[in-house]
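Contents: one structure, followed by commentary.
Values reported hereafter were calculated over all heavy atoms of this structure, with side chains retained and with hydrogens, waters and symmetry mates removed.
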Amino acid sequence: MTPDIDQAVKQVRRSFGITRLDNLAVLDITGPDALRFMQNRLSNDVLSMQVGQGQLNAALDRQGKIQGIFDLYRQEDGLKMLISRAEQENCIAQIEKFHIVEQFIVKEITNIVIISLQGPQSGSFLKSLLQTETTISLPEKEHTWIVAQVSGQPVWIIRRSFSGDAGFLVLAEAEPPQTFWDSVKDAALSAQGIEMSTQVQEVLRVEAGIPRFGADYDFETLLPETGLERQAVSYSKGCYLGQETIARIKTYGMVQKALVGLLFEQTLRQEELPPAGSECLVDGKVVGSIRSVVFSPTLNRGISMAYLGKSERVPGKKLALNIGGKPFQVEVALLPFYEGGAHDKSGRQLLEEGLKLFADGFDEAAMRTLRLAIEVEPGLIEA
């Protein structure tokens, strides 16, 4: 971790950062059969969304393997999808494979700017851009959105954290796109925000425990191995492709490997951490593999997301790992490593989330969420 990246991450944690997300594609899915088709094809409950709401969702194959993970938002005439360009082609091909006579179209929006604002002061900055529109309130819940005006330009504003702190996306179909981006960026820098480099975004993402395609999962990964099924799966909706596998895993037992966090000894610096993709061995036996790995200035130690077997992925467990022929002492941790944005929620909201996690069988995540509820609202007896 270079001093510049270290200080930039800390600055985002104190204030906010801005970047342009050219790695995401935005697609409109419209037509009379769009919602019903996607309900039968995707893992989450599409029909439960109202206009102005969104969700994390996934397209799976029959074995429950990920074909694409993305944000899906309900709009008046259908749905809007935000997906990484690395997953876009495969995911849409998998969806269209089952598109026979249903009336809907999938169209990429090409002249769009996607701006990410991350950090505790991102909302205050965004409000300053909307100061002439005193009746507009920013979306408060993750994956909710509004339509507003910025510099005379109609925009979507989505509540979306990629850092563990409060975060927003601003989507604008602007001509030319560069001019709009420059104007918002200049305003952010004048308001003591910083432009986030790719390296800074990566550290924030790993601290927030957000898996990334190509680094932490691929098209051969089972969705429950990532932990994202807690957000991207509805266990009460009807059938969808891959549903039998997902339900069987939930009912009859854990997956053989799953994504967890590793905390390295604090004496290790960035250059001493093991490379991503390395196998983890205990007493000569392979027990897992390192995925995204960074030095965290927030925790002041090396951290990694890693796949571990059942007996190794116990939160708080100390492991002596051999990685690439070198010994490492690590502690297993639940993801995320950092969850500053949780304190933007009320204790009651966190209580409801924790109870839902319990009901869905995610006991460890439920315990963590209920502890946060008590931190936010110490007198919350139910939590």
Side-chain angles (χ1 to χ4, degrees), residues 1-26 71 73 80 82-86 108-134 136-139 142-208 210 212 294 297-298 340-341 344:
M1 178 67 60
T2 66
D4 287 346
I5 296 174
D6 193 314
Q7 292 306 312
V9 169
K10 291 179 179 179
Q11 175 67 11
V12 175
R13 295 284 183 222
R14 289 192 301 266
S15 181
F16 75 99
I18 185 171
T19 193
R20 180 172 171 175
L21 298 181
D22 292 329
N23 63 315
L24 291 184
V26 181
D71 289 355
Y73 298 94
K80 194 179 294 293
L82 272 66
I83 186 169
S84 72
R85 295 194 178 280
E108 182 177 355
I109 304 173
T110 55
N111 61 327
I112 196 162
V113 182
I114 308 172
I115 297 174
S116 174
L117 297 163
Q118 303 292 320
Q121 299 302 315
S122 56
S124 298
F125 167 69
L126 202 45
K127 285 179 183 177
S128 73
L129 297 182
L130 308 174
Q131 60 187 350
T132 58
E133 301 186 36
T134 56
I136 289 183
S137 297
L138 294 178
E142 192 79 349
H143 286 110
T144 55
W145 61 271
I146 62 169
V147 173
Q149 295 257 339
V150 172
S151 302
Q153 174 71 48
V155 299
W156 268 45
I157 296 176
I158 303 170
R159 181 82 178 210
R160 190 68 171 100
S161 174
F162 294 124
S163 63
D165 279 310
F168 296 88
L169 297 180
V170 179
L171 278 59
E173 294 184 61
E175 285 292 351
Q178 186 65 35
T179 299
F180 181 79
W181 157 244
D182 287 341
S183 67
V184 177
K185 181 184 72 171
D186 291 346
L189 298 183
S190 297
Q192 306 305 309
I194 65 166
E195 186 173 1
M196 296 180 291
S197 67
T198 301
Q199 295 94 328
V200 169
Q201 293 175 68
E202 180 72 356
V203 173
L204 294 169
R205 177 189 71 81
V206 178
E207 289 184 344
I210 301 173
R212 176 170 62 84
V294 299
T298 305
D344 292 335

Starting at [atom1] of [X], measure out to [atom2] of [Y] and round the result to the nearest 0.5 Å.
| X | Y | atom1 | atom2 | answer |
| --- | --- | --- | --- | --- |
| Leu171 | Lys80 | CG | NZ | 7.0 Å |
| Trp181 | Thr19 | CH2 | OG1 | 5.5 Å |
| Gln201 | Ile210 | CD | CD1 | 11.5 Å |
| Phe168 | Ile146 | CZ | CD1 | 8.5 Å |
| Gln121 | Lys127 | CD | NZ | 10.5 Å |
| Ile114 | Asn23 | CD1 | CG | 8.0 Å |

Looking at every non-hydrogen atom in both residues, tell me the closest pair between [X] and [Y] and how far apart they are.
| X | Y | answer |
| --- | --- | --- |
| Val147 | Ile136 | O-CD1, 4.2 Å |
| Arg13 | Pro120 | O-CG, 3.1 Å |
| Ser163 | Gly119 | OG-N, 4.3 Å |
| Pro177 | Val113 | CB-CG2, 3.3 Å |
| Ala148 | Ile157 | CB-CD1, 4.0 Å |
| Ala187 | Leu129 | CB-CD2, 4.1 Å |

Is the closest side-chain heavy-atom distance between [X] and [Y] below 4.5 Å?
| X | Y | answer |
| --- | --- | --- |
| His143 | Arg159 | no |
| Ile115 | Lys185 | no |
| Val184 | Val170 | no |
| Leu138 | Leu130 | yes |
| Gln199 | Val203 | no |
| Leu21 | Leu169 | yes |
| Asp165 | Phe16 | no |
| Ile158 | Pro139 | no |

Check for a donor-acceptor pair, side chain of Gln118 on one end and backbone N or O of Phe162 on the other, with a separation under 3.5 Å.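 Between the backbone of Phe162 and the side chain of Gln118 there is a qualifying donor-acceptor contact (under 3.5 Å).
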Within the side chain of Gln153, is there an N or O that forms a donor-acceptor pair under 3.5 Å with the backbone of Glu173?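 Between the backbone of Glu173 and the side chain of Gln153 there is a qualifying donor-acceptor contact (under 3.5 Å).
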With under 30° as parallel and over 60° as perpendicular, where do the rings of Trp156 and Trp145 fit, or are they tilted in between?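 If you compare the ring of Trp156 with that of Trp145, the planes turn out parallel.
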Could you go through Ser122 and Phe125, starting from their C-alpha distance and side-chain angles, then the distance that decides it, and tell me whether this counts as side-chain contact (heavy atoms from CB on, under 4.5 Å)? CA-CA 5 Å; Ser122 56; Phe125 167 69; 5.8 Å; no
Establish, from distance only, whether the side-chain atoms of Gln178 and Arg20 form a donor-acceptor pair under 3.5 Å.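 A donor-acceptor contact under 3.5 Å links the two side chains.
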Regarding Thr298 and Glu207, is there a side-chain donor-to-acceptor distance under 3.5 Å anywhere?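 Note: Thr298 and Glu207 side chains meet the donor-acceptor criterion.
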Could you walk me through whether Glu108 and Arg85 satisfy the side-chain contact (heavy atoms from CB on, under 4.5 Å) test, starting with their C-alpha distance in whole Å, then the side-chain angles of each, then the deciding distance to 0.1 Å, before giving a yes or no? CA-CA 11 Å; Glu108 182 177 355; Arg85 295 194 178 280; 2.9 Å; yes
